[in-house]
Amino acid sequence: MHKWLKRACAAVMGGLLLLWPEATFDGHRTFAESRAAKDNLHLLAQTVCGEARGEPYEGKVAVAAVILNRTLDNRFPDSVAGVVYQTHAFESVSNGEIYKNTTEECFKAARAALAGWDPSNGALYFFAPAKTNNSFIWSRQQVRTIGKHIFAK
C-alpha cells in the first residue's frame, strides 16, 4: 500500500492511530496479507525485545509504535522489515539482541501498537540517553520519556 494511502487511512485523535494490516475492499484479508501480518508481528516483537528488554510495558509498546510511525513517514522505508533492517537504525540488529528470546510481553506490546496504541506520541526516534552522545539524536524534539528511553520526533 502506498504511503499516502496509509496516511489517508490513519485517523488523528490525540495522536496517530495506525491501521495495520489493511483489509481488502470486500473486508477480508488475503492469505498474503495475513502472512505479512504474522511476519510483521513477529519481527516487531523481536525488535521490541531487542531494544526494550527490561523496560516497562508502555515503553515496549512505544518502541513498536516508533517502528510503525516510521513506515508512514516518507523519510523511512514503508515496511516493518525495511525499517528494522535499515542500516544502523537499531542497535539490537547490529549486536544480535533481536534474535534472542522473544517474550510474550513483547508480542503483547507489538499487538498493542499494531492495534493503534502509540504511547510515543508520534515519535520517529527513541534512544537511551545514558548510552549515546550522538548529536543528531540529541537534536531531535523530545516528546516523551518512558523508562530509560527518550522518544523524539
Side-chain angles (χ1 to χ4, degrees), residues 1-7 9-10 16-22 29-144 146-153:
M1 177 179 271
H2 296 286
K3 286 185 181 188
W4 63 268
L5 189 52
K6 283 183 186 176
R7 277 193 291 278
C9 291
L16 187 64
L17 173 65
L18 301 171
L19 303 177
W20 197 281
E22 304 82 15
R29 287 184 290 160
T30 65
F31 173 77
E33 288 172 322
S34 63
R35 178 67 202 184
K38 288 178 185 174
D39 289 346
N40 286 329
L41 173 62
H42 191 260
L43 184 55
L44 269 177
Q46 283 183 297
T47 308
V48 166
C49 273
E51 294 290 327
R53 194 179 318 274
E55 291 296 308
Y57 176 71
E58 186 177 18
K60 288 177 172 74
V61 177
V63 165
V66 165
I67 294 165
L68 297 178
N69 291 342
R70 286 184 179 192
T71 68
L72 298 172
D73 189 291
N74 288 328
R75 294 171 287 181
F76 297 94
D78 63 359
S79 69
V80 171
V83 167
V84 169
Y85 292 117
Q86 189 174 24
T87 304
H88 305 299
F90 294 98
E91 183 181 8
S92 66
V93 174
S94 302
N95 67 18
E97 284 291 318
I98 191 174
Y99 304 110
K100 292 187 177 176
N101 185 33
T102 305
T103 67
E104 184 53 42
E105 184 176 58
C106 291
F107 275 100
K108 182 179 174 187
R111 283 187 202 96
L114 285 165
W117 185 23
D118 183 359
S120 80
N121 295 334
L124 295 173
Y125 306 95
F126 66 91
F127 63 100
K131 292 184 175 183
T132 187
N133 60 5
N134 179 288
S135 59
F136 171 80
I137 200 67
W138 278 102
S139 74
R140 311 310 303 166
Q141 176 194 356
Q142 297 176 14
V143 295
R144 181 111 197 256
I146 305 172
K148 295 178 183 174
H149 284 141
I150 294 176
F151 293 83
K153 291 187 177 183

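Shown are Ile67, Asn69, Ile146; of these, the side-chain contact (heavy atoms from CB on, under 4.5 Å) with Ser120 is made only by Asn69. When each of Gln46, Glu51, Glu97 is paired with Ser92, the side chain to side chain donor-acceptor pair (under 3.5 Å) condition holds for Glu51 and for no other.
Taken from NE2 in His42 to CG in Leu44, the straight-line distance is 11.0 Å, to the nearest 0.5 Å. We find the CG-CG distance between Asp73 and Asp78 to be 11.5 Å, quoted to the nearest 0.5 Å. Of the inter-residue distances, the one linking Ile150 atom CD1 with Trp138 atom CH2 reads 4.5 Å to the nearest 0.5 angstrom. Annotation: the span from Cys49 atom SG to Lys60 atom NZ amounts to 7.0 Å, rounded to 0.5 Å.
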Lys153/Leu124 under side-chain contact (heavy atoms from CB on, under 4.5 Å): CA gap, chis, key distance, verdict: CA-CA 5 Å; Lys153 291 187 177 183; Leu124 295 173; 5.7 Å; no
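When every heavy atom of Ala64 is checked against every heavy atom of Ala110, the shortest pair comes out as CB-CA, 4.2 Å. Ala123 and Val143 get closest at one heavy-atom pair: CB-CG2, 4.2 Å. Ala65 and Asp118 make their closest contact through CB-OD1, 3.3 Å (heavy atoms, listed as atom of the first residue, atom of the second, distance). Residues Val63 and Ala52 come closest through the heavy atom pair CG2-CB, 4.0 Å. Contact between Phe76 and Arg70 at its shortest, heavy atoms only, is CB-O, 3.3 Å.
The disulfide (SG to SG under 2.5 Å) pairs that include a residue from residues 107-144 number zero, where partners must be two or more places apart or lie in different chains. Applying the salt bridge (charged side-chain N to carboxylate O under 4.0 Å, His left out) definition to pairs two or more places apart or across chains, those involving residues 107-116 are Glu104-Arg111.
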If you look only at distance, which donor and acceptor atoms sit under 3.5 Å apart when one is on a side chain in residues 84-91 and the other is two or more places apart or in another chain?
none

N/O donor to acceptor pairs below 3.5 angstrom from side-chain atoms of residues 125-136, sequence neighbours left out:
residue: Thr132; atom: OG1; partner: Asn134; partner atom: N; Å: 3.0
residue: Asn134; atom: OD1; partner: Phe136; partner atom: N; Å: 2.9
residue: Asn134; atom: OD1; partner: Ile137; partner atom: N; Å: 2.9

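Pro119 is listed as a side-chain neighbour of Arg144, based on a closest heavy-atom distance under 4.5 Å. A heavy-atom distance below 4.5 Å is not found between the side chains of Asn40 and Leu68. At least one side-chain heavy atom of Ile98 sits under 4.5 Å from a side-chain heavy atom of Leu43.
Using modelled atom types, no side-chain atom of Arg53 and backbone atom of Thr103 make a donor-acceptor pair closer than 3.5 Å.
For Thr102, the side chain to side chain donor-acceptor pair (under 3.5 Å) criterion is met by no residue, not counting sequence neighbours. In this structure, Glu55 has no side chain to side chain donor-acceptor pair (under 3.5 Å) partners at least two apart in sequence or on a different chain.
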